Protein chains: 2
Amino acid sequence: MGSPSTARRISARHHRAVTPVPETRYDRRLAEILNHATEVFCRKGYEGASMRDLSRESGMSLAGLYYYFESKERLLYLIQKHTFATIVQRLKERLEGVSDPEQRIRIFILNHLEYFLANQAAMKVLSHEDEVLKNGFGAEVAAIKREYYRICVGLLDELKRDRGLQFSTRLAVLSLFGMMNWIYTWHKPRVDADADSIAGEMGDIFLRGVMAAKGRKERQ
Amino acid sequence: MGSPSTARRISARHHRAVTPVPETRYDRRLAEILNHATEVFCRKGYEGASMRDLSRESGMSLAGLYYYFESKERLLYLIQKHTFATIVQRLKERLEGVSDPEQRIRIFILNHLEYFLANQAAMKVLSHEDEVLKNGFGAEVAAIKREYYRICVGLLDELKRDRGLQFSTRLAVLSLFGMMNWIYTWHKPRVDADADSIAGEMGDIFLRGVMAAKGRKERQ
DNA sequence: AGATCATTCGAACGTTCGTTCGAACAAAGT
DNA sequence: ACTTTGTTCGAACGAACGTTCGAATGATCT
């Protein structure tokens, strides 16, 4: 009793049952810790960041942290899952009601880049610490990631059908992800453009690139 | 006497002075260790791989490794520097004698992807362990990296002048690097296509994308 | 053969790692 | 007031970390 897992289960029940946005003290504190941890993971990498770093940064004692999660690995899992779930949910909202295939892809790009630049630390952790989660945790995050990937494949297939194009959807999608995700290695908030114009330019390059493949046969 | 740094200095002198490709025992052994270390860094990450992992994998005792380099950080530096120097050198050779701007960019893409796929472990370490080297080592690697980047900027500027295009060179180059470098997250040698066809398809997407920007004004 | 050098290793150094434990404090319920 | 439950912490655990040292090999030369 009083163990972390018990506390989490109880607060979760409160969160769902009592009010729409109760935001218990526990949940608020956990969110704070997650934010600090994200920033430290982003700066020093998952393996490079010690629990003592996280303790110092979040202002909570080393032992205190373990009240909120049972291991460092689980902490990374919480960060990754929350980040990915948020971006997928936002995307689905924005796609609703838009039917033009090109416009839908532009929305996908903008949504991705906007969230990427607004939560650069979280997305860097997501992109960079890809394979460190072990079997149980890793599988769940990989599943969300695969869903996100499949959405993008669907959007591109729509475009191909609509415009009668022929190219390798897989390679196009992975190229697009590369263009977008690589941004964490070079974007400096003060000097580079904002998400809107970057999304526009990348959308131009990518969409003109794939749409110029009119009717041609796919490379073998 | 007998210290690592002394040994390295001597063998280096031999390497340069005596014959074109002398390949002393020392150099051969060091190369072996570098290869094994590259593979381990690729699998577990720089921070995640311990010196004991490297010892086990290379078959040399923990202490024995320190005869060949004075620290783990210096080992990463040696790997990164050698990898980058090789790819830049190969590129310069291949570009010689080719003057068509589009063809030169296709050569750049092919060279990058070919080396990337042939030395996937090394390139993953290069891409992934970007900011771990401290001041001295980091600056030197960053300089080679910048030279490589500038070559690509030069190629794209040639294309722009030649075809009268207008777009942001910086964003185009960084997008291209993203497309290419992201490959380490998804390419499976047995199931995915080879460097030639991937380079062709990526070249199509990218070049059609930027070349469709004929005469138009650059986005603000 | 002995001497000199290059190479390798077992054992240990001190430090830092992730994690745990029991006590202490705070809030809420009775 | 006392009890209960939720939250925090100092201190410590054993394990693993990067690195060092002196002795033991192997190789090369006189």
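Every chain is numbered from 1, with letters handed out A, B, ... down the list of sequences. Just so you know, these numbers come straight off a predicted model, no measurement behind them.
- For B/Y68, a side-chain nitrogen or oxygen approaches OP1 or OP2 of C/dT8 to under 4.0 Å.
- Between the side chain of A/H36 and the backbone N or O of A/S55 there is no donor-acceptor pair closer than 3.5 Å.
- Taking atom CZ of residue B/R74 and atom P of nucleotide D/dG18, one finds them 18 Å apart after rounding to whole Å.
- Rounding to the nearest 0.5 Å gives a distance of 5.0 Å between CD1 of B/I79 and CZ of B/F41.
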Just the atom pairs and distances: protein N or O near nucleotides 21-29 of chain D's N or O, under 3.5 Å.
none

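- Side-chain contact of A/D194 with A/S197: a donor-acceptor pair under 3.5 Å is present, judged by distance alone.
- A distance-only check finds a donor-acceptor pair linking the side chain of B/R104 to the backbone of B/V98 [under 3.5 Å].
- At least one test fails for B/K134 against the ring of B/Y77: distance under 6.0 Å to the centre or angle within 45° of the axis.
- Rounded to whole Å, the distance from CZ on B/F69 to P on D/dG18 is 11 Å.
- Between atom CE of residue B/M123 and atom CG of residue B/N119 there is a gap of 8.0 Å, rounded to the nearest 0.5 Å.
- Close to D/dT7, at under 4.0 Å from its OP1 or OP2, lies a side-chain N or O of A/Y67.
- Atom CG in A/L75 sits about 14 Å away from atom C1' in C/dT19, given to the nearest Å.
- Between A/L76 and A/F137 there is no side-chain heavy-atom pair separated by less than 4.5 Å.
- Between B/M60 and A/E73, the residue anchored closer to the 5' end of DNA chain C is B/M60, taking for each the nucleotide with the nearest heavy atom.
- In this structure, the NZ atom of B/K72 is 9 Å from the P atom of D/dC17, given to the nearest Å.
- If you take CG of A/L62 and P of D/dA11, they are 13 Å apart, rounded to a whole angstrom.
- Taking atom CG of residue A/L65 and atom C1' of nucleotide D/dT7, one finds them 12 Å apart after rounding to whole Å.
- The main-chain N or O of B/G154 is never found under 3.5 Å from a side-chain atom of B/D157 such that the two would form a donor-acceptor pair.
- Rounded to a whole Å, the OH atom of B/Y66 is 13 Å from the C1' atom of C/dC13.
- In this structure, CD1 on A/I87 lies 7.0 Å from OH on A/Y115, to the nearest 0.5 angstrom.
- For the pair A/L54/A/E39, no side-chain contact is recorded, criterion being any heavy-atom separation below 4.5 Å from C-beta on.
- Residues B/N35 and B/T38 have side chains that never bring a donor and an acceptor to within less than 3.5 angstrom of each other.
- Remark: A/R52 in residues 32-55 of chain A come within less than 4.0 Å of DNA chain D through at least one heavy atom.
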When you compare the protein's N or O atoms with those of nucleotides 23-27 of chain C, which come within less than 3.5 Å of each other, and at what distance?
none

